[in-house]
Amino acid sequence: MAVSLTSGALSESPSFGIAFRGGPELTIGTDRHRIAGDTLSVVDTGFDNVLNGLEFNLVAIAFTTDQTVQLSLAGAAEEVRKFKSCIEVAPPLA
């Protein structure tokens, strides 16, 4: 997942979180993020909770220690359902 600012800059932070509101509310956080310029990216496990948050809520609030960005999730549910329908389970590694 990546969040990019269209104006302003991101500052370094020891943690990143995202709160989903307007549906089954959920707040999750991680320290497995990286900031490069105006983009914050996260590589983590347990992506189902993020997909469910995007699909079933109206707003996402991305936050670091000193910054908060609110994102509308209008139109996200259909796109998340399309993404979920194309997922194939990979065979176990030998």
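This is a predicted model, so every value here is computed, not measured.
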message: Restricting to non-hydrogen atoms, name the atom on Arg21 and the atom on Thr27 that form the minimum distance, rounded to 0.1 Å.
response: NH2-OG1, 3.1 Å
- prompt: Considering residues at least two apart in sequence or located in another chain, which fulfil the side-chain contact (heavy atoms from CB on, under 4.5 Å) criterion with Val59?
  reply: Ile61, Gln70
Which residues share a side chain to side chain donor-acceptor pair (under 3.5 Å) with Thr39, sequence neighbours left out: Ser4
message: Quick check: do Asn49 and Leu26 have side-chain heavy atoms less than 4.5 Å from each other?
response: yes
Non-neighbouring partners of Ala60 that pass side-chain contact (heavy atoms from CB on, under 4.5 Å), sequence neighbours left out: Ile18, Phe20, Leu71, Leu73
message: Pair Leu40, Thr64 - check side-chain contact (heavy atoms from CB on, under 4.5 Å), show working.
response: CA-CA 10 Å; Leu40 181 147; Thr64 62; 3.8 Å; yes
message: Can you give me the closest heavy-atom contact between Gly22 and Leu58, atom names plus distance?
response: O-CG, 3.4 Å
- request: Could you pull out all residues at least two apart from Ser41 that satisfy side chain to side chain donor-acceptor pair (under 3.5 Å)?
  value: none
message: If hydrophobic clusters are built by linking Ile, Leu, Val, Met, Phe, Trp and Tyr wherever their side-chain heavy atoms come under 4.5 Å apart, do Leu54 and Phe47 end up in the same one?
response: yes
- request: Measure the CD1-CZ distance between Ile28 and Phe16 for me, rounded to the nearest 0.5 Å.
  value: 8.0 Å
Would you be so kind as to tabulate the donor-acceptor pairs closer than 3.5 Å made by side chains of residues 30-38, with sequence neighbours excluded?
unit_1	atom_1	unit_2	atom_2	d
Thr30	OG1	Arg32	N	2.9
Thr30	OG1	Asp44	OD2	2.6
Arg32	NH1	Asp44	OD1	3.0
His33	NE2	Ser13	O	2.8

message: Can you pull out every salt bridge (charged side-chain N to carboxylate O under 4.0 Å, His left out) where at least one residue sits in residues 51-68? Sequence neighbours excluded, please.
response: Glu55-Arg81, Glu55-Lys84
